[in-house]
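The model shown is predicted, which means the values in this text are computed figures rather than measured ones. For the single chain, residues carry numbers from 1 onward in sequence order.
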Amino acid sequence: MSSPTTRDRTCDQCSFRKVKCDRKYPCGKCQSLSFACSYDKPRRKKGPTGKRIGQIRSETTTQSLRQLTPVTPPEESPSPKDTVELAYFTSDPRTPLSLICPQPAPDPVFNVSSFSVSSYLPVAPYLSASAQSISTGLSLLQPSASSVAWPALATDEEIESLINAYFSRIEKFLPVISKPTFLARLHAQEHTRNIHFGALVLTMCAFTLLQPIMKQDSSESNDNRVYKERMQTAQSMMAAAVSMRDSDTAFAENPSLDSVLMSFFLFSCFFNCQMHHAAWFRLQEAVTLAEIMGLQGKRDGWKEILTDEEREQRTRVYWVLAVTERAYALQRHHSLIRTSPSPCKPASVLAPNLFFSLSASGLDTMVELYKVVDADLIDCWNGRCSTVDGTCTKLSAERAASMHKLVADAYDHDAINPGGTLDESQRADLAISQQWLHNRLWQLCLSHGVLIVDPTTSADQRELSLTYACDIARNTIRICRSLSMESMEVHGIGIMEKLYDIASSVVGLISCFPWIEGQRNRELLPSDREILNQYIAVLATFRGGQHPYLVPLMTEITGLPPVA
């Protein structure tokens with residue numbers, strides 16, 4: 001290969017970038033950056049210095065693509081796709097910048113272009129909110145709620161179908177939205193004009209796709225494929241929702257209930273995706289926005305300016321956030337790092353007319369269950385006890401027994417009439433949450449050394465016995481047998497995690513105290529190991545075993561020592 005020839009001036013690219021050129025053809029700078037080196041442009045006066053690598057590449061790409069631009073016959077009307085492609089090559093200054101300079105591909109986790117979803121929800125690429133904000137003149141300090149275009153992720157019919165699925169499946173145990181008001185706003189197309197309501201709609205749809213994966217949602221032959229498609233679609237909606245709301249950089253200054261709920265549904269989505277750091281962040285974001293709004297009833301005057309329905313909705317959002325934050329802190333060993341909503345009934349903000357009459361008693365009961373979970377209990381749970389002479393001053397045997405009694409008195413699954421105010425999905429959530437709280441208290445007592453090892457423990461001290469974990473597991477599996485799988489599936493994988501925690505405690509107890517199993521097996525039928533096998537059957541039935549708790553439990557049970 002012949003050596004590069006030397007020119008008498010700087011090449012066009014180095015001249016444009018104002019960097020030193022070796023004046024060869026091609027020059028070393030252009031070779032290192034994969035530029036097309038040229039000496040064609042006429043010499044001009046010296047301009048401002050600066051590195052303009054991106055602009056050179058953009059011009060080079062545009063010039064090469066312009067040569068490939070197809071010619072459309074004048075009698076044919078271009079399709080929408082052709083219109084976008086032609087706009088890419090135009091030099092018309094009125095063309096939006098988002099079309100001239102396409103945005104980079106999104107993160108692979110949220111890429112929606114590599115798959116096709118089943119017919120109930122087709123997915124199309126969407127234009128990012130940041131690109132839309134450039135062409136519409138979105139103000140960074142005082143953004144308009146209607147300045148970001150609605151992303152083309154689904155048709156109006158598909159969006160409404162998912163929203164209706166939420167109200168038919170989830171609303172009864174998560175009553176944070178008024179159905180008539182919400183649907184009226186949706187039918188009025190407010191989601192296409194109000195970025196905060198639009199972001200809420202998208203996260204609700206994503207949550208509905210991720211939460212109730214039931215048998216009727218797909219055929220048994222392609223459960224795994226459909227589940228992956230649903231997750232990818234939901235993640236795309238989450239990304240679009242975050243992009244929409246974040247275009248309003250000051251949304252937290254005067255937050256709306258839409259923003260609070262949008263953060264809460266984001267938490268729920270991330271939890272279902274097993275992204276627990278992101279989930280905790282969004283849950284804390286929702287709690288913070290709720291505090292700014294004064295949902296706990298501490299802001300003067302807001303009760304007088306709201307309707308009964310609005311006051312009732314705010315009260316229910318307050319309760320749901322309080323319960324969820326405490327449950328998740330127990331699940332993931334997080335801290336209640338500041339004054340957060342207290343799980344008690346704020347009667348001063350309760351509306352006289354309930355518009356969630358069917359679910360009222362269910363949520364009230366859940367609040368009663370979680371009254372025992374306070375900052376002191378969370379500190380003990382996370383190993384940050386206040387101790388004197390090595391003994392925790394916050395948890396005694398007496399207090400532990402009192403907490404067990406509060407949890408037990410809050411709900412009686414056997415006394416509930418199936419034809420009463422609670423439906424089966426509500427009863428499933430309450431009953432399994434109650435047993436899980438008993439299990440968490442037992443674990444706390446075990447770590448604090450307040451359990452009674454004596455096998456002859458009296459009945460009135462049963463909650464403090466070492467074998468109480470086995471009793472909890474036995475009661476829980478009995479409750480599961482009384483419920484349909486659909487009533488548990490609607491709660492998502494969170495309810496399977498609680499069942500896993502309960503069964504795993506029994507496995508750990510038998511591993512550490514093998515003598516317990518032999519003693520109990522003489523007294524009870526079925527045995528503790530047979531009960532554990534029934535947990536395997538339940539977890540294997542849930543979503544066909546497509547969740548992260550079946551295999552670990554099977555591994556733990558397989559590793560148990562042989563029965564003596």
Side-chain angles (χ1 to χ4, degrees), residues 166 169-177 200 203-204 206-208 210-212 238 255 257-293 295-296 313-346 356 359-360 362-375 377-378 381-382 407 410-411 425-426 428-434 436-437 440 490-498 501:
Y166 170 87
R169 296 180 180 180
I170 306 174
E171 180 214 6
K172 293 178 182 178
F173 66 88
L174 198 58
V176 292
I177 294 177
L200 172 59
T203 51
M204 283 182 64
F207 176 59
T208 304
L210 293 172
Q211 181 84 349
M238 293 160 60
L257 203 57
D258 289 343
S259 290
V260 176
L261 291 172
M262 183 265 192
S263 295
F264 174 75
F265 284 120
L266 271 180
F267 150 75
S268 303
C269 291
F270 281 123
F271 176 82
N272 276 285
C273 294
Q274 296 290 289
M275 301 171 66
H276 293 293
H277 294 304
W280 179 247
F281 171 78
R282 292 301 179 180
L283 179 58
Q284 292 296 291
E285 181 180 68
V287 172
T288 301
L289 294 173
E291 290 176 350
I292 295 173
M293 287 188 66
L295 292 191
Q296 58 271 58
Q313 185 179 14
R314 290 184 177 215
T315 301
R316 293 190 175 280
V317 173
Y318 170 90
W319 289 351
V320 168
L321 288 176
V323 168
T324 305
E325 186 183 23
R326 278 153 176 76
Y328 204 57
L330 282 176
Q331 284 179 317
R332 300 295 157 188
H333 289 276
H334 290 300
S335 300
L336 305 180
I337 57 177
R338 65 182 186 283
T339 303
S340 55
S342 174
C344 61
K345 299 177 183 180
F356 291 119
S359 57
L363 183 54
D364 291 353
T365 304
M366 191 66 75
V367 171
E368 291 294 325
L369 284 175
Y370 278 89
K371 274 187 175 180
V372 300
V373 184
D374 56 14
L377 184 144
I378 293 295
W381 180 255
N382 292 329
V407 173
Y411 178 69
S425 65
Q426 291 172 300
D429 192 20
L430 288 171
I432 294 178
S433 295
Q434 181 185 46
W436 180 74
L437 282 172
R440 299 295 87 182
V490 74
H491 296 283
I493 61 174
I495 202 167
M496 289 297 107
E497 181 175 1
K498 292 176 180 177
D501 290 339

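- Side-chain contact between I493 and Q274 is present, with heavy atoms from C-beta onward closer than 4.5 Å.
- Between the Q434 side chain and the V407 main chain, a donor and an acceptor come within less than 3.5 Å of each other.
- How far CD of E291 is from OH of Y318: 9.5 Å, rounded to the nearest 0.5 Å.
- Contact record, S335 with I378: CA-CG2, 4.1 Å, taken as the closest heavy-atom pair.
- Ring centroid separation for the pair H276 and F271 comes in under the 6.0 Å cut-off.
- Closest heavy-atom contact between K498 and S433: NZ-OG, 2.9 Å.
- In terms of the salt bridge (charged side-chain N to carboxylate O under 4.0 Å, His left out) criterion, residue partners of D258 (sequence neighbours excluded) are, by chain and number, R185.
- Side-chain contact check for L174 versus F265: some heavy-atom pair is nearer than 4.5 Å.
- Remark: N382 CG to L377 CG distance equals 9.5 Å, nearest 0.5 Å.
- With rounding to the nearest 0.5 Å, the separation of SG in C269 from CE in M275 is 11.0 Å.
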Requested in this report: Walk me through it: do F270 and M238 pass the test side-chain contact (heavy atoms from CB on, under 4.5 Å)?
Outcome: CA-CA 9 Å; F270 281 123; M238 293 160 60; 3.5 Å; yes
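- Taking both residues in full, the closest heavy atoms of A329 and L336 are given as CB-CD2, 4.3 Å, listed atom of the first, atom of the second, then distance.
- Note that OH of Y370 and CG of L330 are 7.0 Å apart. Values are rounded to the nearest 0.5 Å.
- For the pair E325/Q284, a side-chain contact is recorded, criterion being any heavy-atom separation below 4.5 Å from C-beta on.
- With contacts defined as side-chain heavy-atom distances shorter than 4.5 Å, the pair E497/D501 qualifies.
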Requested in this report: Assess whether side-chain contact (heavy atoms from CB on, under 4.5 Å) is satisfied between L437 and V373, documenting all intermediate values.
Outcome: CA-CA 9 Å; L437 282 172; V373 184; 4.1 Å; yes
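- The backbone N or O of K172 lies less than 3.5 Å from a partner atom in the side chain of Q426, making a donor-acceptor pair.
- Between L257 and L200, every side-chain heavy-atom pair lies at or beyond the 4.5 Å cut-off.
- Evaluation of the ring pair (Phe, Tyr, Trp, His ring centres under 6.0 Å) rule for H334 yields W280, Y328 as partners, not counting sequence neighbours.
- Looking at R440 and W381, their side chains come closer than 4.5 Å, going by heavy atoms from C-beta outward.
- Taking CE of M496 as the reference point, atom CD1 of I432 lies at 6.0 Å (rounded to 0.5 Å).
- By the 4.5 Å heavy-atom criterion applied to side chains, Q211 and Y166 are not counted as neighbours.
- Looking at every heavy atom in both residues, G362 comes nearest to L430 through O-CD2, 3.7 Å.
- Across all non-hydrogen atoms, the minimal contact from A410 to T365 is O-CG2, 3.3 Å.
- Atom CG of D364 sits about 11.5 Å away from atom CG of L369, to the nearest 0.5 Å.
- Summarising the geometry of L289 relative to S259, their closest heavy-atom pair is CD1-O, 3.9 Å, with the distance given to 0.1 Å.
- Side-chain atoms of I170 and F207, non-hydrogen and from C-beta on, do get closer than 4.5 Å to each other.
- The closest donor-acceptor contact from the side chain of D429 to the backbone of S425 lies at 3.5 Å or more, if one exists at all.
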